[in-house]
Amino acid sequence: MNVPENLKYTKDHEWVLIDGDVATIGITEFAQGELGDIVFVEIETEDEELDKEEVFGTIEAVKTVSDLYMPITGKVIEVNPELEDQPDLVNKEPFEGGWMIKVQIADTAELEDLLTAEQYKEVIG
């Protein structure tokens, strides 16, 4: 299972890449594996301020639909345009081309609540 050391994680299986005051967010390899073949990603929160743990979108797989939760408070400044035509990028490249949103971080203190790679590995067993 690929759990890159340079990322932060949530117990809801999102990953967070911090670059200054912008966070790129997606779902982990574990999460996409549990969901199965992803057929649709819906994110209609661009330019919205969202609180930590609010739903920023949904992801639909062949078997289920799941909510996507904000790991931190911030403004959604970009949605990955590739996912509209290629939702399977989340399966193929969960940490690269399958990223979902970029967020302007509102409260950097919240970053301390995110899990390290080692802590996330414990969550997924």
Side-chain angles (χ1 to χ4, degrees):
M1 186 69 52
N2 187 15
V3 181
E5 295 288 328
N6 65 319
L7 303 176
K8 296 289 191 178
Y9 299 88
T10 70
K11 290 180 180 160
D12 293 322
H13 310 291
E14 282 96 14
W15 59 260
V16 182
L17 173 65
I18 310 300
D19 184 11
D21 61 352
V22 174
T24 302
I25 298 166
I27 66 166
T28 64
E29 184 176 317
F30 175 84
Q32 68 79 25
E34 292 292 301
L35 287 168
D37 292 336
I38 293 166
V39 295
F40 190 66
V41 178
E42 182 175 34
I43 302 170
E44 296 179 350
T45 52
E46 191 165 9
D47 296 324
E48 289 184 28
E49 290 269 350
L50 298 172
D51 290 331
K52 179 180 175 180
E53 298 182 2
E54 269 193 271
V55 173
F56 71 80
T58 58
I59 189 165
E60 183 176 341
V62 174
K63 298 181 269 185
T64 187
V65 176
S66 295
D67 287 333
L68 298 164
Y69 296 98
M70 289 287 286
I72 54 171
T73 301
K75 180 179 182 178
V76 179
I77 57 173
E78 187 178 346
V79 174
N80 185 346
E82 300 295 318
L83 296 182
E84 189 170 334
D85 294 328
Q86 296 179 288
D88 63 331
L89 280 175
V90 177
N91 291 118
K92 294 177 187 171
E93 305 174 19
F95 299 110
E96 295 88 24
W99 65 273
M100 296 183 175
I101 59 173
K102 293 189 179 186
V103 174
Q104 186 77 46
I105 301 168
D107 182 0
T108 55
E110 288 181 351
L111 300 175
E112 295 174 23
D113 296 334
L114 298 173
L115 304 174
T116 64
E118 284 304 310
Q119 290 168 322
Y120 182 67
K121 286 177 187 175
E122 289 175 22
V123 169
I124 62 176

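By convention here, the first residue in the shown sequence is residue 1. Side chains included, hydrogens not; waters and symmetry mates left out as well; all remaining heavy atoms used.
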Which pair of non-hydrogen atoms, one from [X] and one from [Y], has the smallest distance, and what is that distance?
| X | Y | value |
| --- | --- | --- |
| Phe56 | Leu50 | CB-CD1, 3.7 Å |
| Val16 | Ala23 | CG1-CB, 3.8 Å |
| Pro4 | Ala117 | O-CB, 3.8 Å |
| Lys102 | Val22 | CB-CG1, 4.2 Å |
| Glu46 | Ile77 | OE2-O, 3.5 Å |
| Thr28 | Tyr120 | OG1-OH, 2.8 Å |

More than 12 heavy atoms from other groups under 6.0 Å of [atom1] on [X]:
| X | atom1 | value |
| --- | --- | --- |
| Asp19 | CG | no |
| Lys121 | NZ | yes |
| Gln104 | CD | yes |
| Glu96 | CD | yes |

Do the non-hydrogen side-chain atoms of [X] and [Y] ever get within less than 4.5 Å of each other?
| X | Y | value |
| --- | --- | --- |
| Ile124 | His13 | yes |
| Val39 | Val62 | yes |
| Leu83 | Met100 | yes |

Can you check whether [Y]'s main-chain N or O pairs, donor with acceptor, with [X]'s side chain at less than 3.5 Å?
| X | Y | value |
| --- | --- | --- |
| Thr73 | Lys52 | yes |
| Gln32 | Glu29 | yes |
| Asn80 | Gly98 | no |

Look up atom [atom1] in [X] and atom [atom2] in [Y], then write down how far apart they are to the nearest 0.5 Å.
| X | Y | atom1 | atom2 | value |
| --- | --- | --- | --- | --- |
| Glu53 | Asp12 | CD | CG | 7.0 Å |
| Leu35 | Ile59 | CG | CD1 | 5.5 Å |
| Glu14 | Lys8 | CD | NZ | 15.5 Å |
| Ile43 | Glu84 | CD1 | CD | 11.0 Å |

Same hydrophobic cluster for [X] and [Y], using side-chain heavy-atom links shorter than 4.5 Å among ILVMFWY?
| X | Y | result |
| --- | --- | --- |
| Tyr9 | Met1 | yes |
| Val55 | Ile72 | no |
| Val103 | Leu7 | no |
| Leu17 | Leu114 | no |
| Val41 | Leu89 | yes |

Worked check of side chain to side chain donor-acceptor pair (under 3.5 Å) between Tyr69 and Thr10: CA-CA 9 Å; Tyr69 296 98; Thr10 70; over 6 Å; no
Whether Trp15 and Phe95 hold their rings parallel, tilted or perpendicular, with breakpoints at 30° and 60°: tilted
Step-by-step side chain to side chain contact (heavy atoms under 4.5 Å, CB included) determination, Asp88 to Ile38: CA-CA 5 Å; Asp88 63 331; Ile38 293 166; 5.8 Å; no
From Thr45, Ile101, Ile27, residue fulfilling side chain to side chain contact (heavy atoms under 4.5 Å, CB included) relative to Leu68: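 Going through Thr45, Ile101, Ile27 one by one, the side chain to side chain contact (heavy atoms under 4.5 Å, CB included) with Leu68 is satisfied by Ile27 alone.
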Test log, rule side chain to side chain contact (heavy atoms under 4.5 Å, CB included), inputs Asp51 and Met70: CA-CA 7 Å; Asp51 290 331; Met70 289 287 286; over 6 Å; no
